[in-house]
**Student:** 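Dropping a structure here in C-alpha cells format, bear with me for questions.
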Amino acid sequence: MGKSVRYSRAKKLGIFGVSAVTVLSASLLLGDVSSGARKTDEDSFKVLQGTTTEQADGKYYLSSTLKNIQWGHLPNRDSKPVMSISSGATVTIDTVSHEGILEDQGRDPVEFFGKHGVKKDEVLSDAIAIAGSDLDHDFAGDGPHVVTGPIAVKGAEPGDVLKVEVLSLAPRVPYGVISNRHYKGALPGEFPENNGPQDGASADHPELYANVSTFTPLEKMNGKYYGVLPIESGGEVRFPAKPFMGLMGVAPNTSEKVSSIPPIETGGNIDINELGVGSTLYLPVQVKDALFFTGDPHFAQGDGEVALTAWEASLRGTFRLTVLKSDDPALPRNGEIKQPFAETEDYWIPIGLDEDLDEAMKESVREAIGFLHEKLGMDRATALAYMSAATDYEVSQVVDRTKGIHALIEKRHFINNLDLEVLADKKKVVSEMMNNEFYVSVDSLTDKLAGKTKTNHKKGVTSTTVTLGGKKVTIVENSNIYNVNGKDVYHEGMPVSIDGELFIPVKAISEILGASVNWTTSGKTLTANVTYNLKK
C-alpha cells in the first residue's frame, strides 16, 4: 500500500486519535497529561497549531513562531530571552521538527508532505512560516534543528543547576520523517545507496541531493500508538511511539555561534530517548537566568540513531523549570555540576559526551562512580564492580559529531537503602515500597488531588472508584485491568490491598489517573512529584 493512501485511510478511520487541546483516554502511552476535566475525541486528529496561554497546560506558553525560534544554532550568553519566568513555574512550549522544511526536501513543507497525502491545513503554520521566511540557514554548515527559546529563569546564576521536569508531550501532527543523508549517519559513504549528490543541488532542486527521507505516519492500534513502515517483500513493520525532546539545554558561556548539532556540557542535542514524560534533567547553569531552550522533537528513537535522524515529528511539551543552588540535596553530585545528568522512576542516568566514543564511555563511567560514591555512599572500587555486574551502558547517538553514552543505574537495586516520599501538588501522600515496587494509597492520593473515592469489599476483593476532574476510574486489587470512563485499559502496574486499603503503583498514575509524575533524589530519599493541574 502506498504511503499517501495509507495516510488518507488512517485519517478516515480516525486511527490517529489525539484531540487538539488534550489527550486520549489512553493518552499516557504518548506521554501526555490531562489536567482537569477535559473532553477527548478518539475519532479524529486535530493538528496542534499555535494556541493561547489560557488554553495551554502550563502557566506560561511559548509558541514556535519566527520571533521565538532559532534555526541551526543554540542560544549563547548574548542571546535575548523571548520569555522570562519564575523558578518552579510550568511552561508549555511548541516545537517544530526540521524534517520537511530543510533544503534537501525543497524548503516547502506543504509540497513535501502533500506528496504523502497530507493536506495544507494539516501542516503546521509555524513550519510553513519558518521554511518560507528569509531566515538565513546554511544547509551544509548550520545545524538542521529549529530551537524554541531561550527562556530566562529568574534567579539562576552561574554555578547553579536548572532542574527540568518533563510533564507532558503531545504530538502536534500525526506523522513524522526518518532521514538518511550522504556523508552522515553511522555508515557514511555506504548509505544512502545511490550515486550521491549532483551538481546544482538546492532547495529548488532537492532531488539532486539524493538523500532519503522516509515519511512515517502515526497510527493507533488497541489504544497504543505506532510508527508504520512498509516491508518491500510485503506487509509492514510497526514500532511503538515513545516521544521525547532530543534537544534541551541552557546557554553556554560563549559569544561564539554554537551549532545545534553536537551536544555540549550545558545540554543541547543530547538525544537520550529515556528523557520522555516523567523524566528529570539537571543542567549546569553558566550564564545569568540560565536561558533554557528546547527542540528536535521525536516520536521515537533507537539507541544510536544510526540512520542520522530518528522518527522526527513536532511536539508540544510542558516543563517545570526550577533553579537549584549548589547546596541543594537534590543535586546528583557534590559541589559544582559540570555536565547534564538525568533520572526517571527506574534509573539514574549519568551522561558521557565526547567526539571519541571510547572517551564518552570513560566519562559516563567516571560520572557514575562519582554519583554512587557521593550520593549513595559506595566506595569507588565497589561502585565500579557493581556497575560491571549490573549496569547497562547505552549509546544515545553516534551521528551528532559529539557522541553520547549514558549509564542506566537501576534505582530498585538500592531500594533497601532508600526512603520513598510521594507528594501530590506538594502535599504528602501515604506511600509504600513493596516487592521492589513503589505504591501510593488510592484514597490518600485522590484526596490530595481534590477528588473523591468510593471503596467496596466484595467476596474478599477490594475495589475503589475514583472520581477526579470529570474522569471516573475503577481500580480492582490484583487486576491489571482498569476501567477508565467506561473503557477497560490494561496497565502492567497491578494494584494491591494493604490492610484493606487499595494501593496503586506509582508508575500507573499517569496513564490511569491522568496526572504527571516526575522523580528526584534528595539525599537518600526518592521523591515522586505528582502534578495534576499543570498551571500551578
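Both backbone and side-chain heavy atoms feed into the values below; hydrogens, waters and symmetry mates do not. Heads up: numbering here begins at 1 and tracks the sequence.
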**Student:** I would like to know whether N253 and V287 meet side chain to side chain contact (heavy atoms under 4.5 Å, CB included); could you show each step before the answer?
**Tutor:** CA-CA 6 Å; N253 184 25; V287 304; 4.1 Å; yes
**Student:** For the residue pair S97 / E312, report whether a side-chain donor-acceptor contact shorter than 3.5 Å exists.
**Tutor:**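 There is no such pair (donor and acceptor under 3.5 Å, judged by atom type) between the side chains of E312 and S97.
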**Student:** Return yes if some donor-acceptor pair links the side-chain N/O of R316 with the main-chain N/O of D94 below 3.5 Å, else return no.
**Tutor:**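 No, because the side chain of R316 does not come within donor-acceptor range (under 3.5 Å) of the backbone of D94.
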**Student:** Can you sort out the partners of Y393 under ring pair (Phe, Tyr, Trp, His ring centres under 6.0 Å), two or more places apart, ordered by chain and number?
**Tutor:** none
**Student:** Suppose we screen for ring pair (Phe, Tyr, Trp, His ring centres under 6.0 Å). Which residues come up paired with F293, at least two apart in sequence or across chains?
**Tutor:** none
**Student:** With side chain to side chain contact (heavy atoms under 4.5 Å, CB included) as the criterion, how do L291 and V250 come out once you've worked through the C-alpha distance, each side chain's angles and the decisive distance to 0.1 Å?
**Tutor:** CA-CA 5 Å; L291 300 183; V250 294; 5.7 Å; no
**Student:** Check whether the side chains of Q397 and Q301 place a donor and an acceptor atom closer than 3.5 Å, and report yes or no.
**Tutor:** no
**Student:** Mind checking the OG-CG spacing from S314 to D296? Nearest 0.5 Å is all I need.
**Tutor:** 10.5 Å
**Student:** For E410, check side-chain hydrogen bond (donor to acceptor under 3.5 Å, both in side chains) against everything at least two apart and list the hits.
**Tutor:**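 side-chain hydrogen bond (donor to acceptor under 3.5 Å, both in side chains) list for E410, sorted by chain: empty.
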**Student:** With rounding to the nearest 0.5 angstrom, report the CD to OH distance, E274 to Y347.
**Tutor:**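 So the CD of E274 and the OH of Y347 are separated by 7.5 Å.
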**Student:** Quick one: does any side-chain atom of K220 pair with a main-chain N or O of Y225 as donor and acceptor, under 3.5 Å?
**Tutor:** no
**Student:** How far does CG of L169 sit from OG of S516, to the nearest 0.5 angstrom?
**Tutor:**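 Answer for the CG-OG pair, L169 versus S516, is 11.0 Å.
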**Student:** Does a side chain donor of either T92 or D57 reach within less than 3.5 Å of an acceptor in the other side chain?
**Tutor:**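 Result is no, nothing qualifies.
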**Student:** Just checking, any donor-acceptor pair under 3.5 angstrom between side chains of Q286 and T266?
**Tutor:**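 Absent: no donor and acceptor within the cut-off.
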**Student:** List the residues meeting side-chain hydrogen bond (donor to acceptor under 3.5 Å, both in side chains) with D346, not counting sequence neighbours, and say none if there are none.
**Tutor:** R412
**Student:** Run through E345, E437, H491 and flag the one making a side chain to side chain donor-acceptor pair (under 3.5 Å) with K507.
**Tutor:**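 The side chain to side chain donor-acceptor pair (under 3.5 Å) with K507 is passed solely by E437 among E345, E437, H491.
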**Student:** Can you name the residues that form a side chain to side chain contact (heavy atoms under 4.5 Å, CB included) with A330, not counting sequence neighbours?
**Tutor:** L324, D328, S522
**Student:** Among L162, I270, V166, which residue meets the side chain to side chain contact (heavy atoms under 4.5 Å, CB included) test with M248?
**Tutor:**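 When side chain to side chain contact (heavy atoms under 4.5 Å, CB included) is applied between M248 and each of L162, I270, V166, only V166 qualifies.
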**Student:** Under the rule for side-chain hydrogen bond (donor to acceptor under 3.5 Å, both in side chains), what residues qualify as partners of T280, not counting sequence neighbours?
**Tutor:**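 Partners of T280 by the side-chain hydrogen bond (donor to acceptor under 3.5 Å, both in side chains) criterion come out as none, since no residue qualifies.
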**Student:** Ignoring hydrogens, what is the shortest heavy-atom contact between E363 and I351? Give both atom names and the distance.
**Tutor:** OE2-O, 4.1 Å
**Student:** Give the C-alpha distance, both sets of side-chain angles, the deciding distance and a yes or no for salt bridge (Lys or Arg N to Asp or Glu O under 4.0 Å) between R238 and E236.
**Tutor:** CA-CA 7 Å; R238 296 178 181 270; E236 57 199 16; 2.7 Å; yes
**Student:** Could you check whether any side-chain N or O of S364 sits under 3.5 Å from a backbone N or O of P350, counting only pairs where one atom can act as donor and the other as acceptor?
**Tutor:** yes
**Student:** CE of M245 to CG of D271: how many Å apart, nearest 0.5 Å?
**Tutor:**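 CG of D271 is found 12.5 Å from CE of M245.
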**Student:** Would you please name every residue forming a side chain to side chain contact (heavy atoms under 4.5 Å, CB included) with T254, sequence neighbours left out?
**Tutor:** N76, P252, E256, V258
**Student:** Could you walk me through whether M387 and I369 pass side chain to side chain contact (heavy atoms under 4.5 Å, CB included), step by step?
**Tutor:** CA-CA 9 Å; M387 288 189 297; I369 291 172; 3.4 Å; yes
**Student:** Can you list the residues that meet the side-chain hydrogen bond (donor to acceptor under 3.5 Å, both in side chains) rule with S388, with sequence neighbours excluded?
**Tutor:**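 So S388 forms no side-chain hydrogen bond (donor to acceptor under 3.5 Å, both in side chains) with any residue.
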**Student:** Taking side chain as C-beta onward, heavy atoms only, is L167 less than 4.5 Å from R320?
**Tutor:** yes
**Student:** Could you state the interatomic distance from CD (E343) to CH2 (W348), rounded to the nearest 0.5 Å?
**Tutor:** 8.0 Å
**Student:** Does this structure show an ion pair linking D354 with K362, if we count only N-O contacts that are shorter than 4.0 Å?
**Tutor:** no
**Student:** Using the side chain to side chain contact (heavy atoms under 4.5 Å, CB included) rule, take E103 and S202 through it: C-alpha gap first, then chi angles, then the decisive distance, then the call.
**Tutor:** CA-CA 6 Å; E103 288 79 358; S202 68; over 6 Å; no
**Student:** Which residue pairs pass the ring pair (Phe, Tyr, Trp, His ring centres under 6.0 Å) test with at least one member in residues 239-271, sequence neighbours excluded?
**Tutor:** F239-W311, F244-H298
**Student:** Which residues pass the side chain to side chain contact (heavy atoms under 4.5 Å, CB included) test with K288, sequence neighbours left out?
**Tutor:**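 By the side chain to side chain contact (heavy atoms under 4.5 Å, CB included) rule, K288 matches E157.
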**Student:** In the structure I gave you, are the side-chain heavy atoms of V395 and I405 within less than 4.5 Å of one another anywhere?
**Tutor:** yes
**Student:** How long is the straight-line distance from CG of L308 back to OG of S213, given to the nearest 0.5 Å?
**Tutor:**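 S213 atom OG to L308 atom CG measures 9.5 Å (nearest 0.5 Å).
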**Student:** Taking the side chain as everything from C-beta on, heavy atoms only, tell me whether T216 gets closer than 4.5 Å to F299.
**Tutor:** no
**Student:** So do the side chains of L102 and F112 get within less than 4.5 Å of each other, counting heavy atoms only?
**Tutor:**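 SC-SC contact between L102 and F112 ruled out.
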**Student:** Please give me the minimum heavy-atom distance between D379 and H373, naming the atom from each residue.
**Tutor:**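 Shortest heavy-atom separation between D379 and H373 comes out as CA-ND1, 4.1 Å.
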**Student:** Apply side chain to side chain contact (heavy atoms under 4.5 Å, CB included) to T148 and list each qualifying residue two or more places apart in sequence or on a separate chain.
**Tutor:** L62, S64, I69, I93, T95
**Student:** Under 3.5 Å, which donor-acceptor pairs link side chains of residues 205-212 to any protein atom two or more places apart or in another chain?
**Tutor:**
| unit_1 | atom_1 | unit_2 | atom_2 | d |
| --- | --- | --- | --- | --- |
| N211 | OD1 | H182 | N | 2.9 |
| N211 | ND2 | D104 | OD2 | 2.9 |

**Student:** Please tell me whether E99 and T309 have a donor and an acceptor in their side chains that are separated by less than 3.5 angstrom.
**Tutor:**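 Looking only at side-chain atoms, T309 and E99 do not form any donor-acceptor pair under 3.5 Å.
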**Student:** How about L376 and N417: do any of their side-chain heavy atoms sit closer than 4.5 Å?
**Tutor:** no
